[in-house]
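To keep things clear, I will list the structure first and then write my remarks on it.
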Amino acid sequence: MIQITTLEKQIFFISDLHLPLRPSGVARASHLEDKVLDWLDYIKPRTQALFLLGDIFDFWFEYTYLVPKGAIRFQAKLWEFSQAGIPVYFFLGNHDGWSIDYLTQECGVQLFREPASITIANKRFFVGHGDTIHPTICYALLRKLYHSAWLQAFVRALPPDWVYGRVDRYLTKKKYGNVSFCPHKDRIFHYCKDKIEPFNHHEFYIFGHTHCPYIKAFNHSSTYCNIGAWITHYRYACFDGITLSLLKF
């Protein structure tokens, strides 16, 4: 369990960067990486901990001897945070759930595969990516298949260029449009409000996944925040010890 007892600086949360892993020089990849690097430089002097709430990469699959091309400057920046004594907690999403240990060994990032309750300055937070919170039956079955050992072994046996080439071709066609305020459609919001909060109180609930940025109170003492997608909104959340804010860079 993550515990930060004394808050001397601020805590930052970001989600759904969807950084493309492509050869350098691709305009979309370079623009997104430059933007998040500027943000990391901006927050670094006042950061006590950084939370990455999933789908940081548009696709991530680890091989024994290979790492995908692209986003290397972002990975180096995570290592800088770690070396500066700023812990980086990465809650894996549905796009980067095949992470194993490379980011931990090379960048000092701590990986989490499920949402977790954490304590910051005597406040309880429930945080994660959000795809595993009250999923549809179809999605739950697909996720179980996706994380099966035999499927990962099969993919690992395929040529890496072929795998990443096919995935990149599919994701290039995918559109990440703006999503409007939508708590009535947010399965994560309703599950936390109705199934978790009444029995296990947290002051703050923070997730991503839906690409819909908003912050809304459950009651007088609990607040839900969906960070939305950095790829379309450049939003992030900040906790200063008292207030949780949803901000735009």
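Keep in mind that what you see is a predicted model, and the values were worked out from it rather than measured.
Side-chain polar atoms of Tyr224 and Asn226 form a donor-acceptor pair below 3.5 angstrom. For the residue pair His202 / Ser117, a side-chain donor-acceptor distance below 3.5 Å is found, with atom types taken as modelled. His129 and Asp55 form a side-chain donor-acceptor contact under 3.5 Å, judged by distance and modelled atom types alone. A donor and an acceptor atom, one from each side chain of Gln152 and Trp150, are nowhere located under 3.5 Å apart. Counted by atom type alone, His211 and Thr232 present zero donor-acceptor pairs between their side chains at under 3.5 Å.
Separation of atoms CZ (Arg156) and OG1 (Thr64) is listed at 6.0 Å; rounding is to 0.5 Å. Leu17 contributes atom CG, which lies 12.0 Å from atom NZ of Lys35 (distance to the nearest 0.5 angstrom). In this structure, the separation between SG on Cys107 and CD on Gln83 is 10.5 Å, given to the nearest 0.5 Å. For the atom pair CG of Leu111 and CD1 of Ile100, the computed distance is 10.0 Å after rounding to the nearest 0.5 Å.
Separation of the Phe218 and Phe189 ring centroids falls under the 6.0 Å cut-off.
Thr104 is linked by a side chain to side chain donor-acceptor pair (under 3.5 Å) to nothing, counting only residues two or more places apart in sequence or in another chain. Scanning for side chain to side chain donor-acceptor pair (under 3.5 Å) contacts around Gln10 gives Arg46, with sequence neighbours left out.
A cation-pi contact, defined as under 6.0 Å to the ring centre and within 45° of the axis, is absent between Lys123 and Phe239.
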Check the pair Trp39, Tyr236 against ring-ring contact (aromatic ring centres under 6.0 Å, His included), reporting the backbone distance first and the verdict last. CA-CA 10 Å; Trp39 177 75; Tyr236 64 97; 5.2 Å; yes
Carefully, step by step, assess Glu80 and Lys44 under the rule salt bridge (charged side-chain N to carboxylate O under 4.0 Å, His left out). CA-CA 10 Å; Glu80 282 184 25; Lys44 186 179 177 184; 3.6 Å; yes
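When each of Phe51, Phe125, Phe13 is checked for a ring pair (Phe, Tyr, Trp, His ring centres under 6.0 Å) with Phe204, only Phe125 meets the rule.
Within 6.0 Å of CG in Leu158 there are more than 12 heavy atoms belonging to other residues, nucleotides or ligands. Counting heavy-atom neighbours within 6.0 Å of Lys193 NZ, excluding the residue itself, gives a total of 12 or less.
Remark: Lys9 does not engage Asp240 in a salt bridge, criterion side-chain N to carboxylate O under 4.0 Å.
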